[in-house]
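This is a predicted model, so every value here is computed, not measured. The sequence lines fix the lettering, A, B, ..., with proteins before strands; numbering per chain opens at 1.
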There are 2 protein chains.
Amino acid sequence: MTATEETQDVPWGDVTPDAARRLMVAAVEAFAERGYHATTTRDIAGRAGMSPAALYIHYKTKEELLHKISTLGHTKAVNILATAADADGTAADRLAQAVRSFVIWHAGHHTTARVVQYELDALDAEHRAEVVQLRRQCDAAVRRILDDGVKSGEFEVPDIPGATLAVLSLCIDVARWFNVQGRRTPDEVGASYADLVLRMVGARPRS
Amino acid sequence: MTATEETQDVPWGDVTPDAARRLMVAAVEAFAERGYHATTTRDIAGRAGMSPAALYIHYKTKEELLHKISTLGHTKAVNILATAADADGTAADRLAQAVRSFVIWHAGHHTTARVVQYELDALDAEHRAEVVQLRRQCDAAVRRILDDGVKSGEFEVPDIPGATLAVLSLCIDVARWFNVQGRRTPDEVGASYADLVLRMVGARPRS
DNA sequence: CCGACCGGTGAGCAAGCGCTTAGTGGCTGT
DNA sequence: ACAGCCACTAAGCGCTTGCTCACCGGTCGG
């Protein structure tokens, strides 16, 4: 799976009806570009080619729209990391795969990722708590790999929670700086970051 | 210099008069907590114990306030990195010092850092261009260290621009996740991150 | 003793916000 | 052919926003 397969891979590909999906895509673009609070419902509707009132046929509030985007995005993130963590292979293979695919997603879908990672505070308390649960699952998946690697002697990590945080942090920040006009493709960044992370955890052949 | 020295080290310690500084501190807190667009001028003035109109005696607009905060913060960041880059010692020493002090600042002043790193888009075009120039100087300082380390054989880095980006990225993201209630102190995170970065660049004794 | 000065306030303006409601036009099943 | 339905719109409501302005009270030179 590469980041250029947009048609089927888009997280909200199965959002129906068509108008609801167009509104969601418009909202993701607007939120990523200007931020949730700087985006107006008129802007979202306008990008989707509809009147402002049309938004409220498909979504109860502007916040519900953000909540749906955030939940879909976080679910995708959990899937990516859990798939890599639960795969067969050495801890190094699984860590490299986790970082590579997570980074490719953050770069390839950096608009969605930006909303998912940086607009959490705009959710109301209940919705935020829901999403925080999904984030804990991301953390758990990476920690599982690092635990295994330390146990098998592949990794040398003095502080596993700290290293987990650092690995996720490095990947997440890709959403902030990645630019489509830039020189790097998502695949290149993914490969490069997988290497950097293996060095961070002191990876070496299984002893 | 540790992160607990607040009195003299605060970036806006020399902002005068007193009321202007109180407004700035209030704005930093509010922007960091809720984001620029979600913060009202009434909120800022209220936190500073003043009426909404008082803000406009000291600042022309809400955006000017953000601009001043952003400029002061970025100047501090450039100073930290340039000081480390231009110090004596091996490339490894200078890189460790750059990462340590940069991370300590991001953790210790994580409210300021959050505004500096994540509210860039809220600046108008002219002010943003100004601040982007300062960011380039941050990049240049780190790149200088990596260049030296590769030349001297201390580091093994296949892609210097990419590694520069990754190092800064790791440090910057500290502002997003760092929490005062958390277990880690700024100094601990700084030391831990300096180690991680040295591993990332494949640091080894000078050959 | 007093007038000029100036940091600060209370009240409020125009604009823009999220969201609602009454009404419309184009499909659908019979 | 036509009634029922529903996605969608035009208009606009109530409110908050960034910002302004007429006014106030303490301080200070003469």
Side-chain angles (χ1 to χ4, degrees), chain A residues 12 14-71 115 119-128, chain B residues 12 14-71 115 119-128:
Chain A
W12 47 80
D14 50 348
V15 174
T16 51
D18 183 69
R21 182 177 54 254
R22 271 159 48 217
L23 283 165
M24 199 175 254
V25 172
V28 168
E29 279 174 16
F31 291 163
E33 212 170 279
R34 309 209 221 286
Y36 174 80
H37 290 292
T39 300
T40 68
T41 54
R42 284 163 178 81
D43 184 22
I44 298 169
R47 283 175 194 247
M50 306 169 86
S51 83
L55 198 151
Y56 294 92
I57 293 160
H58 301 284
Y59 303 97
K60 223 163 45 188
T61 61
K62 178 180 150 189
E63 194 270 348
E64 181 185 296
L65 196 40
L66 174 64
H67 171 58
K68 293 227 156 114
I69 292 167
S70 195
T71 302
V115 177
E119 301 294 346
L120 233 137
D121 293 342
L123 291 168
D124 66 36
E126 198 184 338
H127 288 161
R128 186 165 49 244
Chain B
W12 47 80
D14 50 348
V15 174
T16 51
D18 183 69
R21 183 177 52 255
R22 271 160 50 220
L23 283 165
M24 199 174 255
V25 172
V28 167
E29 280 174 18
F31 292 163
E33 213 169 279
R34 309 207 221 287
Y36 175 81
H37 289 292
T39 299
T40 69
T41 54
R42 284 163 178 80
D43 184 22
I44 297 169
R47 284 175 194 247
M50 306 169 85
S51 82
L55 197 150
Y56 294 91
I57 294 163
H58 300 283
Y59 302 96
K60 222 164 45 190
T61 62
K62 177 180 152 189
E63 194 270 349
E64 181 185 296
L65 196 39
L66 174 63
H67 171 59
K68 294 227 155 118
I69 293 167
S70 195
T71 302
V115 177
E119 301 293 346
L120 234 137
D121 293 342
L123 291 167
D124 66 36
E126 198 183 338
H127 290 160
R128 187 166 47 243

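- Only at 4.0 angstrom or more do the heavy atoms of residues 119-127 of chain B sit from any atom of DNA chain D, so none qualifies.
- Separating the CD1 atom of Ile57(A) from the P atom of dT21(C) is a distance of 13 Å, rounded to the nearest angstrom.
- You'll find the side chain of Arg128(B) reaches within 4.5 Å of the side chain of Leu120(B), heavy atoms only.
- Considering only the side chain of Pro52(A), dC19(C) comes nearest among dC19(C), dT20(D), dT9(C).
- At a non-hydrogen distance threshold of 4.0 Å, Arg42(A) from residues 27-45 of chain A come into contact with DNA chain D.
- Taking 4.5 Å as the limit, some side-chain heavy atom of Met24(A) sits within range of a side-chain heavy atom of Ile69(A).
- Of all the residues in residues 58-69 of chain A, Thr61(A), Lys62(A) reach under 4.0 Å from DNA chain C with at least one non-hydrogen atom.
- Across Ala48(B) and Arg22(B), no two heavy atoms sit closer than the pair O-NH2, 3.1 Å.
- The side chain of Ala19(B) approaches dG8(C) more closely than any other nucleotide in the set dG18(D), dG8(C), dG18(C).
- For Met50(A), counting side-chain heavy atoms from C-beta on, the closest listed nucleotide (dG18(D), dT20(C), dC8(D)) is dC8(D).
- Tyr36(A) carries Lys62(A) over the face of its six-membered ring, with the cationic atom under 6.0 Å from the centre and within 45° of the normal.
- Using a 4.5 Å heavy-atom threshold, the side chains of Arg34(A) and Asp121(B) count as separate.
- Look at OH on Tyr56(B): it is 15 Å from C1' on dT9(C), rounded to the nearest Å.
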